[in-house]
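Take a look at the structure set out below.
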Amino acid sequence: MGSSSEQQSSGNYDFSFKISLIGDSGVGKSSLLVSFISASSHDSAPTIGVDFKIKLLTVGGKRLKLTIWDTAGQERFRTLTSSYYRGAHGIILVYDVTRRETFTNLSDLWAKEVELYSTNQDSVKMLVGNKVDRESERAVSKEEGIELAKELGCMFIECSAKTRQNVQQCFEDLALKIMEVPSLLEEGSTVGKSKIVKQEPGTLGAPPGAPPPIGGCCA
Ligand SMILES: Nc1nc2c(ncn2[C@@H]2O[C@H](COP(=O)(O)OP(=O)(O)OP(=O)(O)O)[C@@H](O)[C@H]2O)c(=O)[nH]1
């Protein structure tokens, strides 16, 4: 799927935000993204390197362009990390409610990385407990999720990329919160800024200096 240059023009959206998805391998980051972008979940192959997708949507009466980055959780790709976070307006920290270690890794590992690499002091963070459709296998309670979100200063939601429960809500709530932060709003504003930049095929919408994404597309 491609996007026309017309869609990329600032005339078609009021704000442009970068959102990064992080968390352990297999928690469902790619599935959440695909579920949000394509309005249907699917079995997802492991992400190799980095992927991003663009979603145009209207929230709170504003037309938004969300560039959503999907990180590969595997340790061997961690050298790419800083570019995932650079300039991100929103960061989604995902764990799998059926795998406790993915929850503890968020506070022990991922939240520390966010602190280290995030260049946007004001970026909005959202803690997401995914795979709630597997309720019988749950290993992390909702209350624990709420507690950790408080500790980390994050918003919180539980969802399922498989059933799409709360997936749209997750991204919309995050976007709404980003728009409440004046510095992020100003930075993401397209007013008076030209968004039509000459880019190599396949990198449409990627921030300058970004590593070449794999399979980025626009919805
Ligand atoms: N039951 C259930 N399975 C899910 C859900 N989300 C993802 N999965 C499955 O979990 C597995 C891993 O999902 P991915 O989306 O590849 O996870 P990821 O976090 O992107 O993994 P990496 O690309 O390795 O970082 C896949 O088999 C998905 O189909 C969900 O909400 N419920």
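Nothing here was measured: the structure is a model prediction, and the numbers come from that model. Ligands are counted one by one from 1 in listed order, and the atoms in each one are counted from 1 as well.
Here's the thing with D70: none of its N/O atoms is less than 3.5 angstrom from an N/O atom of ligand 1. In terms of polar-atom proximity, V27 is counted as a contact of ligand 1, with an N or O under 3.5 Å from an N or O of the ligand.
A donor atom on one side chain and an acceptor atom on the other are found under 3.5 Å apart for Q169 and D173. Under 3.5 Å, the side chains of D24 and T102 contain no donor-acceptor pair of N or O atoms.
The shortest distance between side-chain heavy atoms of I22 and V94 does not fall below 4.5 Å. Within the 4.5 Å cutoff, the side chain of L148 has no heavy atoms near those of the Y95 side chain. Residues L93 and M126 are not in side-chain contact: their nearest non-hydrogen atoms beyond the backbone lie 4.5 Å or more apart.
Using a 4.0 Å cut-off between charged nitrogen and carboxylate oxygen, D96 and K131 count as a salt-bridge pair.
Atoms of ligand 1 lying under 4.0 Å from at least one heavy atom of A161, given by number and element, are 6 (N), 30 (C), 31 (O). When each atom of ligand 1 is checked for a heavy atom of N130 under 4.0 Å away, the hits are 5 (C), 6 (N), 31 (O). Heavy-atom proximity to S160, at under 4.0 Å, picks out these atoms of ligand 1: 31 (O). Close contacts of ligand 1 with D133, meaning ligand atoms under 4.0 Å from a residue heavy atom, involve 1 (N), 2 (C), 30 (C), 31 (O), 32 (N). If you number the atoms of ligand 1 from 1 as listed, the ones under 4.0 Å from a heavy atom of K162 come out as 1 (N), 2 (C), 30 (C), 31 (O), 32 (N).
Both tests hold for K55 against F36: distance to the six-membered ring centre under 6.0 Å, angle to the ring axis within 45°.
When the heavy-atom distances from atom 30 (C) of ligand 1 to E137, R164, R134, K131 are ranked, the shortest goes to K131. Counting heavy atoms only, S30 comes closest to atom 20 (O) of ligand 1 of the residues G23, G28, S30, S25.
Remark: distances from the non-hydrogen atoms of D24 to ligand 1 include one below 4.0 Å.
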